Trainee: 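Here it is: the structure, laid out below.
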Amino acid sequence: KKKPKLFNKFDKTIKAELNAAEKLRKKGKVEEAMKDFEVLVSKYPQSPRARYGKAQSEDDLAEKMRSNEILQKAINTYGEVASLPDVPADLVKLSLKRKADRQQFLGHMRSSLVTLQKLIDLFPSDISFKNDLGVGYLLIGDNSNAKKVYEEVLSLVPNDGFAKVHYGFILKAENKIAESIPYLKEGLESGDPGTDDGRFYFHLGDALQRVGNKEAYKWYELGHQRGHFASVWQRSLYNVNGLKAQPWWTAKETGYTELVKSLEKNWKLVRDEGLAVMDKGKGLFLPEDENLREKGDWSQFTLWQQGRKNENACKGVPKTCALLERFPEATGCRRGQIKYSVMHPGTHVWPHTGPTNCRLRMHLGLVIPKEGCRIRCAKENRTWEEGKVLIFDDSFEHEVWQDADRYRLIFIVDVWHPELTPQQRRTLPAI
């Protein structure tokens, strides 16, 4: 890559002063650098390089002080750089790109899109800005505009790997499974910057599995080799390194024996309250909405989500909720849920993995048909029993079949992985 040209004719005449201030900034003497750049800006207001140095110093100081207010100043200064006369094109690109990035960091997504659009208007032949705009739309959940952006990129540059993986990702989200595969595959094979991301290996493998193509595991293996997955089977993306990893657990191994005993001892109470709300037909059980079913009918009634109690839901099953209040490893698990799950005959749940290795999942059997219901986690199949708890790590691939002659009702309780420290349990962001 060519070194960017950051100095115009005028800035070349004050290069020594600019370099001296920049040297301070690079040495981490942020406050001193900022003062020097401020002096240069007031002395030479027409100098784009001085103003860019000021913006960078404000940016650095914002990070050091963890100050959004100072960061907003940096964003404004980056914008000022681009609006000065006679600014080198490379400097305009750097300033506006950083401005868009920092706006995204602050959560000002719409403002960031405006900045990216400005870059595209100024530099229409630079495809990378169009690609960034597509990501911007994805970040606000506007898949439809993101899709248009990537279609435009691919019409101009048909082999752009970055656009391909993102376009494939959008098609997969639209449930166009077979159509998504070539885009995700060719995008990953391109090796272009920004394509080597665990989410793309994850979705390509998942799409291949859904069309019955065993090549899925080749991509999972590659994702593992590239460091995106803990293993071919354990493919969660929000992980804490070093936690014990195995598909199936015993109560003793988890250390949560009191919780398991309490669930098994009171299973009929949990079952009866669940049946009462299920039979009222009040629409409390909501269909699974993560597109995990190949076919069938699977609904859930959630009591705790991300460590937050659903007070209304608990009014329907008060004794069950009171029972759980004693176990903060479950009610405080901000990376999990506590819920009833009913699955009707003729249901198949695709092989899938949960989002994180920070939790374990307990299944308490409530109404279990004699035959036809099973769950596979990694390579091992198991079945539920009424009044018994099964424990597995749902960050490992698992799959469910319900081919019985009546419904299956279980109670799901997620708990923190036992090896997480109290500090980690307090500070890990919710999922």
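Any value given below was found using the heavy atoms of this structure, including those in side chains, with hydrogens, waters and symmetry copies removed. Quick caveat: nothing in here was measured; it's all calculated off a predicted structure.
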Trainee: Is the cationic atom of Lys93 (NZ for Lys, CZ for Arg) positioned less than 6.0 Å from the six-membered ring centroid of Phe123 and within 45 degrees of its normal?
Mentor: yes

Trainee: May I ask you to decide whether Lys147 forms a salt bridge with Glu174, counting only side-chain N to carboxylate O separations under 4.0 Å?
Mentor: yes

Trainee: Does this structure show an ion pair linking Arg98 with Asp101, if we count only N-O contacts that are shorter than 4.0 Å?
Mentor: yes

Trainee: Among Arg235, Arg199, Lys172, which residue satisfies the salt bridge (Lys or Arg N to Asp or Glu O under 4.0 Å) criterion with Asp206?
Mentor: Lys172

Trainee: Go through the steps to decide whether Asn175 and Asn291 satisfy the test side chain to side chain donor-acceptor pair (under 3.5 Å), and finish with yes or no.
Mentor: CA-CA 8 Å; Asn175 213 24; Asn291 188 26; 3.0 Å; yes

Trainee: Sequence neighbours left out, what passes side chain to side chain contact (heavy atoms under 4.5 Å, CB included) with Ala230? Give chain and number order.
Mentor: Gln234

Trainee: Using side chain to side chain contact (heavy atoms under 4.5 Å, CB included), reason through Gln209 and Trp350 one step at a time and then give a plain yes or no.
Mentor: CA-CA 8 Å; Gln209 277 183 302; Trp350 293 113; 6.0 Å; no

Trainee: Students often mix this up, so state it plainly: with edges at 30° and 60°, are the rings of His363 and Trp384 parallel, tilted or perpendicular?
Mentor: parallel

Trainee: May I have the step-by-step check of side chain to side chain contact (heavy atoms under 4.5 Å, CB included) for Trp401 and Cys373, ending in yes or no?
Mentor: CA-CA 6 Å; Trp401 296 264; Cys373 292; over 6 Å; no

Trainee: Decide, yes or no, whether a salt bridge links Glu258 with Lys261 under the criterion of side-chain N to carboxylate O below 4.0 Å.
Mentor: yes

Trainee: Holding to side chain to side chain contact (heavy atoms under 4.5 Å, CB included), I want the full list of residues that pass it with His352, two or more places apart in sequence or in another chain.
Mentor: Leu292, Val349, His398

Trainee: Below 4.0 angstrom, N of the basic side chain to O of the carboxylate: do Glu58 and Lys73 qualify?
Mentor: no

Trainee: Heavy-atom count around Lys97 NZ within 6.0 Å, excluding the residue itself: above 12?
Mentor: no

Trainee: Side chains of Ser57 and Arg25: any donor to acceptor distance under 3.5 Å?
Mentor: no

Trainee: Is it true that Gln300 and Gln337 share a donor-acceptor pair across their side chains at a distance under 3.5 Å?
Mentor: no

Trainee: May I ask you to check whether Glu397 and Thr353 show a side-chain donor-acceptor distance below 3.5 Å?
Mentor: no

Trainee: Report the residue from Ile70, Asn68, Asn76 that forms a side chain to side chain contact (heavy atoms under 4.5 Å, CB included) with Gln72.
Mentor: Asn76

Trainee: For the residue pair Arg382 and Trp248, establish whether any side-chain heavy-atom pair is separated by less than 4.5 Å.
Mentor: yes

Trainee: If you take all heavy atoms of Ile127 and Val157, which pair is closest and at what distance?
Mentor: CG1-CG2, 3.6 Å

Trainee: Can you tell if the side chain of Leu303 reaches within under 4.5 Å of the side chain of Phe411, non-hydrogen atoms only?
Mentor: yes

Trainee: Give every residue pair that meets the side chain to side chain donor-acceptor pair (under 3.5 Å) criterion with at least one member in residues 157-171, sequence neighbours excluded.
Mentor: Asn131-Asp160, Glu151-Tyr167, Lys164-Glu186

Trainee: Checking side chain to side chain donor-acceptor pair (under 3.5 Å) for the pair Thr356/Arg335: CA distance, chi angles, key distance, verdict?
Mentor: CA-CA 8 Å; Thr356 178; Arg335 293 199 159 189; 3.2 Å; yes

Trainee: Heavy-atom count check: over 12 atoms from other residues, nucleotides or ligands less than 6.0 Å from Tyr183 OH?
Mentor: no

Trainee: Side chains of His348 and Glu294: do they bring a donor and an acceptor to under 3.5 Å?
Mentor: yes

Trainee: Are any of the side-chain nitrogens in Lys35 or Glu32 under 4.0 Å away from the carboxylate oxygens of its partner?
Mentor: no

Trainee: Do Arg293 and Trp298 meet the cation-pi criteria used here (NZ or CZ under 6.0 Å from the six-membered ring centre, within 45° of the axis)?
Mentor: no

Trainee: State plainly whether the residues Lys64 and Glu31 are in salt-bridge range, i.e. N to O under 4.0 Å.
Mentor: yes

Trainee: Go through the steps to decide whether Val367 and Arg271 satisfy the test side chain to side chain contact (heavy atoms under 4.5 Å, CB included), and finish with yes or no.
Mentor: CA-CA 8 Å; Val367 177; Arg271 177 197 65 190; 4.2 Å; yes

Trainee: Could you tell me if Arg426 and Gln423 have a donor-acceptor pair between their side chains, going purely by distance under 3.5 Å?
Mentor: yes

Trainee: Answer yes when Arg359 and Asp394 have at least one side-chain N-carboxylate O distance shorter than 4.0 Å, and no when they do not.
Mentor: yes

Trainee: Have Arg408 and Ser341 got a donor and an acceptor in their side chains that come within less than 3.5 Å?
Mentor: yes

Trainee: Please check: side-chain N/O of Glu385 versus main-chain N/O of Val389, any donor-acceptor pairing under 3.5 Å?
Mentor: no

Trainee: Please tell me whether Arg334 and Gln305 have a donor and an acceptor in their side chains that are separated by less than 3.5 angstrom.
Mentor: no

Trainee: Look at the rings of Tyr201 and Trp219 and say which category their plane angle falls in: under 30° parallel, 30 to 60° tilted, over 60° perpendicular.
Mentor: tilted

Trainee: With under 30° as parallel and over 60° as perpendicular, where do the rings of His417 and Trp249 fit, or are they tilted in between?
Mentor: perpendicular

Trainee: With the threshold set at 4.0 Å, does a side-chain nitrogen-carboxylate oxygen contact exist between Lys185 and Glu215?
Mentor: yes

Trainee: Centre of Phe105's six-membered ring, under 6.0 Å away, within 45 degrees of the axis: is that where NZ or CZ of Arg102 sits?
Mentor: yes

